[in-house]
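For reference, positions follow the sequence shown, starting with 1. Start at 1 and go down the list; that is how both ligands and their atoms are numbered.
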Amino acid sequence: MKKVDVVLGLQWGDEGKGKVVDVLTPGYNVIARFQGGPNAGHSLKFDGEGFVLHTVPSGIFRESSVNVIGNGVVIDPVILMEEIEAIEAKGIDVSSRLKIAKRAHLILPTHRMLDAASESAKGKSKIGSTLKGIGPTYMDKTGRNGLRVGDILSPEFDARYNALKNKHFALLSQYKDFTFDISEYEQRWLGSIEKLRRFEFIESEIEVNRLIDADVPILAEGAQGSMLDIDFGTYPFVTSSNTMTAGVCTGLGVAPGRVGKVMGIFKAYCTRVGSGPFPTELFDEDGEKLRAIGREFGATTGRPRRCGWLDLVALKYAVMMNGVNELIMMKADVMNDFDTIKVAVAYRIGDREVDYFPFESNEDIVPVYREFKGWKSDVCGIRDYDSLPVELKDYIAFIEKETGCPIKIVSLGPDRSEIIVR
Ligand code: IMO
Ligand code: MG
């Protein structure tokens, strides 16, 4: 029996999921998003051209792929339609390749305002949200107030929209210093809702399980990263969904026993955008160098990403929590010119040393590093594993030993073609 394979990020997002999914899609007929929303920014590059996807699964550019936006995703119709129109401008018939879960929740214009109001009221302790309305939409979902894609087809949609909007206005009035005007965005939002009607709305859990029964290869595409998981990430500096493998079960309607291979993506170093704990963060020239060479600026917000060394403590935690079977390492090429490369192998917290990711991730954690000699050569053009410099192979072998997981893919550049599959 076929199962649903999973590919997801093991760090704080931006691991390179878009590229990996795009590379893996020839092996899968169906690509499905199961959580998150337009806070995601999945970058793809092929034929010398770049593309950023926020809501649409990263299989959309491959012919004969079916792309499912699952029930666990939250959708902003404005952003989704903009994205669809940009893809259609490339001559791709999106309506034949995209299916949207009726149970997926809608991000309202007022959800975005609530996100912004909540963040500005937090002042210094702000999360650094992408301000796409993600948190407030998931709050309405669990609060049982939300509007879903399937509701678009109901004759009561307008009334329900207005009721929820007015509820939000009442909430927003609590934020005395916060002024807003949704009229322009609301116009676009209502227009986009109309445009969405031409797409196929489905009971994605039924469709996905039928496809599994029919032995059709399916890939679930994660958004964000494990350390941003609402339960196991660095709370409260997290996103509002389960970004881990467990999210596939609730976000697509796949039973745990039907989850197949789990592929975890990580960068050869670490980045984080937004606030919150980041034990291996660098504030020196090495951090600047990683940001400049790795072009570490947000694909969704353009914000500079915080950069630091690879954190094996956090990575091992993510491997455990996701049940990762295979690792995919991204962007080692960014470290082509480093004399020394460091990896955190444990944390010192006060006078104790821990080798696991602790609850107290907000406390002062001092990483315990192991140093590696840099490979000091350009590895970008290399296409077979054996030709990699021995220092890079040592680095890879160490990560494999520590995590107990094989690194099956080594990506050495943004383009589809810049990759070594072992
Ligand atoms: P992809 O899929 C990196 C971060 C935000 C913020 C926190 C909460 O491209 O890897 P939210 O908008 O969800 O309320 O923000 O999570 N964040 C991401 N960081 N990559 C992402 O997605 C992210 N999505 C959210 O910066 O710190
Ligand atoms: Mg991103």
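- Not a single heavy atom of Arg305 sits under 4.0 Å from any atom of ligand 1.
- Geometrically, ligand 1 and Thr130 share a nitrogen or oxygen pair separated by less than 3.5 Å.
- Ion pair Glu207/Arg210 not flagged as a salt bridge, since none of the NZ, NE, NH1 or NH2 atoms sits closer than 4.0 Å to an Asp/Glu carboxylate oxygen.
- With salt bridges taken as basic N to acidic carboxylate O contacts below 4.0 Å, one links Glu186 and Lys165.
- The nearest non-hydrogen atom to atom 8 (C) of ligand 1, considering only Asn39, Leu131, Val238, comes from Val238.
- Here His42 has side-chain heavy atoms under 4.0 Å from ligand 1, and that is the only part of it that gets that close.
- At the shortest separation from atom 14 (O) of ligand 1 among protein heavy atoms lies Ser129 OG, 3.1 Å.
- Side-chain contact between Asp14 and Lys267 is present, with at least one heavy-atom pair separated by less than 4.5 Å.
- Judged purely by distance below 3.5 Å, without hydrogens or angles, the side chains of Asp229 and Ser226 never pair a donor atom with an acceptor atom.
- Annotation: Lys132 places no N or O atom under 3.5 Å from an N or O atom of ligand 1; distance criterion only.
- In terms of protein heavy-atom proximity, atom 19 (N) of ligand 1 is nearest to Val273 CG1, 3.3 Å.
- For ligand 1, none of its N or O atoms has an N or O atom of Ser240 under 3.5 Å away.
- In this structure, Ser411 contributes its side chain and Ile419 its backbone to no donor-acceptor pair below 3.5 Å.
- Close approach of ligand 1 to Ala223 (heavy-atom distance below 4.0 Å) involves ligand atoms 2 (O).
- Here the side chains of Phe338 and Leu290 are in contact, with some heavy-atom distance below 4.5 Å.
- Ligand-side atoms of ligand 1 in range of Lys17: 1 (P), 2 (O), 10 (O), range being under 4.0 angstrom from any heavy atom.
- In terms of protein heavy-atom proximity, atom 3 (C) of ligand 1 is nearest to Asp14 OD2, 3.1 Å.
- Counting atoms of ligand 1 from 1 in the listed order, those under 4.0 Å from a heavy atom of Gly274 are 27 (O).
- Using cut-offs of 30° and 60° on the angle between ring planes, the pair His168 and His111 is tilted.
- Ordered by chain and number, Asp14 OD1 make up the set of protein N, O or S atoms under 2.8 Å of the Mg ion (ligand 2).
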Checklist line | side chain to side chain contact (heavy atoms under 4.5 Å, CB included) between Tyr369 and Val345, worked out | finding: CA-CA 6 Å; Tyr369 285 114; Val345 291; over 6 Å; no

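- Gly41 N, 2.8 Å is the protein heavy atom nearest to atom 9 (O) of ligand 1.
- Close N/O approach between Thr239 and ligand 1 is found [any backbone or side-chain N/O within under 3.5 Å].
- Ligand 1 lies out of reach of Arg272, whose nearest heavy atom is not under 4.0 Å from it.
- The shortest non-hydrogen separation linking Met335 to Ala268 is CE-O, 3.4 Å.
- In summary, Lys195 and Glu85 engage in a salt bridge, as defined by a charged side-chain N under 4.0 Å from a carboxylate O.
- Taking the six-membered ring where tryptophan is involved, the planes of Phe157 and Trp189 are essentially parallel, since the angle between them stays under 30° and well short of 60°.
- Under the 4.0 Å criterion applied to side-chain N and carboxylate O atoms, Glu281 and Arg306 are assigned as salt-bridge partners.
- Residue contact check: Trp12 has heavy atoms under 4.0 Å from atoms 3 (C), 19 (N) of ligand 1.
- With respect to Glu400, the salt bridge (charged side-chain N to carboxylate O under 4.0 Å, His left out) criterion is satisfied by exactly one of Arg422, Lys316, Lys408: Arg422.
- A salt bridge links Lys90 and Glu49; the closest N-O separation between the charged side-chain nitrogens and carboxylate oxygens is under 4.0 Å.
- Distances between N or O atoms of Leu228 and those of ligand 1 include no value under 3.5 Å.
- Annotation: atom 1 (P) of ligand 1 to nearest protein heavy atom, Gln224 N, 3.6 Å.
- An N or O contact shorter than 3.5 Å is missing between Asp115 and ligand 1 by distance.
- In terms of protein heavy-atom proximity, atom 5 (C) of ligand 1 is nearest to Gly128 O, 3.5 Å.
- Listed by number with element, the atoms of ligand 1 under 4.0 angstrom from any heavy atom of Ala40 are 1 (P), 2 (O), 9 (O), 22 (O).
- For the residue pair Asn29/Ser65, the side-chain donor-acceptor check at 3.5 Å is not satisfied.
- Contacts classified as side-chain hydrogen bond (donor to acceptor under 3.5 Å, both in side chains) and involving residues 120-132 (residues at least two apart or in different chains) are given here: Asp115-Ser129.
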